[in-house]
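The block underneath contains the structure these notes are about, expressed in structure tokens.
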Amino acid sequence: MATAVLGLQWGDEGKGKITHLLAKDASMVVRFNGGPNAGHTVIDRGVKFGTHLIPAGAFYPDTTSVLTSGMVIDLRILREEWDMVSEHLGWKPKLLIAENAHVIMSYHRDLEELEGSGKYFGTTRRGIAPTYRDKAAKVGIRVGDLLHPDIALQRLELRLDLLKRAWPESQEIQALSACTLLEDQLAVAEPLLSFVGDAAGAIAQAMAAEQTVMFEGAQGTLLDVDHGSYPFVTSSSTTFAGLGNSIGIPNPQVDHRLGVFKAYMTRVGAGPFPTCVSGELEERLRSIGGEFGVTTGRPRDCGWLDLVALRYAIQLNGCTELAITKLDVLSGFDEVKICRSYNLDGQSIMTFPLSAEVLERCEPEYETVPGWSEQISEIRDVSDLPEQVMALIQLIEEDVKVPIDIVSVGPEPEATMVKR
Ligand code: IMP
């Protein structure tokens, strides 16, 4: 059986916690996109981790954690996380790193600063876009190249030649040496190189053998490079629509496509956000929800739940079931707002505009529902939730026409209830 856990907003929906919970029964947990721009919060045996690259499967002894070709990998960060998780567990997690995944080099991070794109787009400054750009331009370095240092050196020399011609005045770029870069990569990657191999083949084999395989999404649907609020997006396919290509399996049979969304919305970095709120309300959501980036520590913009965006995200992912997270954050609000349509230039619209400029002009049209005063974070059975919470869940289900099967009311694994 295969399950994909997919973010339905602008990232930070709580996918890490849900994946970590579901991963304990999986033989394989597969990260299929992005890189260390992701920040997954996982609480394992009472210890809180903010992971960026290592999949949630790494916390379980019988699970292989796979990093696929859809990813861009900063081997320094992966090594740090692998060492940290190994120390916590007392054994070394099993990894499989796709030989055709691309490596984030130090110059990719430098380029975001030199070009100013990090600032303009409010990126995580982890070198994500420059690495995906090098991949498309065929001048990237792949993890498998490190198994053949002579090939890696040739590729690096070509890349540095182009880079030095493009940046004649940058001392940083002019000082780069292919040999030194390669030596640094090999030193940091050394204990991980035995994990490099044919990820697509291994995933196909596990699926054919009907093992339990989990696909762990990073970022959210609205950040998808093709289908998100372009250009204020990340550089990878974050949705189920892109998963097949990212793992190298045509039309993968994933019966459970679990979409995860927060009971409100957040966004970090630049770009339009129709239901964004300000002032005291935003402060309240941010402080109760702990809405600060796991990767960058930046405060996230906060707003009400947007069902226009949610319907669009569900469609792109073909979600079969949903998980709602952080419902506890809304406790104590007299009323809760839900956006069901937008007003665009005087007209009510139900669909999510693809153009960021058009989305910027959309005003949310809200329905207001009663809030609840009770704290719900200690509740462990859905039937004990206040009736206003159940009414809110029902309203969302009826609107988006997909069942909400998982309800999360706190960061701990126990604060997760199965509704169906
Ligand atoms: P990049 O992925 O670093 O290129 O950043 C592009 C945009 O995606 C920026 O607005 C980032 O803040 C956002 N972003 C990237 N990864 C995440 C994530 O894991 N959660 C939330 N936002 C993200």
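The figures that follow rest on heavy atoms only: side chains count, while hydrogens, waters and symmetry mates do not. Note that ligands are numbered from 1 as they come in the structure, with each ligand's atoms numbered from 1 the same way.
Checked against the 6.0 Å centroid criterion, the rings of F215 and H256 do not qualify as a close aromatic pair.
Atoms of ligand 1 found under 4.0 Å from any heavy atom of Q219, numbered from 1 in the order shown, are 15 (C), 16 (N), 17 (C), 18 (C), 19 (O). Heavy-atom proximity to D12, at under 4.0 Å, picks out these atoms of ligand 1: 20 (N), 21 (C). For ligand 1 and W10, the ligand atoms under 4.0 Å from any heavy atom of the residue are 21 (C), 22 (N). Each of the following atoms of ligand 1 lies closer than 4.0 Å to a heavy atom of T123: 1 (P), 3 (O), 4 (O), 5 (O), 9 (C). Annotation for ligand 1: atoms under 4.0 Å from non-hydrogen atoms of T234 are 1 (P), 2 (O), 6 (C). Counting atoms of ligand 1 from 1 in the listed order, those under 4.0 Å from a heavy atom of G269 are 10 (O).
Only the side chain of R298 comes within 4.0 Å of ligand 1, counting heavy atoms alone; its backbone N, CA, C and O stay farther away. With a 4.0 Å heavy-atom cut-off, ligand 1 is reached by the backbone of V233 but not by any atom from C-beta on. Contacts between F232 and ligand 1 below 4.0 angstrom, taking non-hydrogen atoms only, are absent altogether.
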Checklist entry - Do F195 and T64 pass the side-chain contact (heavy atoms from CB on, under 4.5 Å) test, and can you show the C-alpha distance, the side-chain angles, and the key distance before you say yes or no? => result CA-CA 10 Å; F195 297 129; T64 304; over 6 Å; no
Checklist entry - After noting the C-alpha distance and the side-chain angles of V389 and L330, does the key distance pass the side-chain contact (heavy atoms from CB on, under 4.5 Å) rule? => result CA-CA 10 Å; V389 177; L330 297 183; over 6 Å; no
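Between the side chain of Q253 and the backbone N or O of N251, at least one donor-acceptor pair lies under 3.5 Å. At distances below 3.5 Å, at least one donor-acceptor pair connects side-chain atoms of E112 with backbone N or O atoms of R126. K326 places a side-chain N or O within 3.5 Å of a backbone atom of G289 that can act as its donor or acceptor partner.
L89 is listed as a side-chain neighbour of D44, based on a closest heavy-atom distance under 4.5 Å.
Protein heavy atom at the shortest distance from atom 8 (O) of ligand 1 is L223 CD2, 3.6 Å. In this structure, the protein non-hydrogen atom closest to atom 11 (C) of ligand 1 is G122 O, 3.7 Å.
The shortest N or O to N or O distance between T124 and ligand 1 is below 3.5 Å. Between V268 and ligand 1, at least one N/O pair is under 3.5 Å apart. In terms of polar-atom proximity, E112 is not counted as a contact of ligand 1, lacking any N or O under 3.5 Å from an N or O of the ligand.
Salt bridge absent: E99 and R142 never bring a charged side-chain N and a carboxylate O closer than 4.0 Å. At a threshold of 4.0 Å, the pair D399-R340 counts as salt-bridged, since one of the basic side-chain nitrogens sits closer than that to a carboxylate oxygen.
Taking the six-membered ring where the residue is Trp, F352 and Y312 present parallel rings, their angle staying beneath 30° rather than reaching 60°.
In this structure, A218 falls outside the shell of residues with a heavy atom less than 4.0 angstrom from ligand 1.
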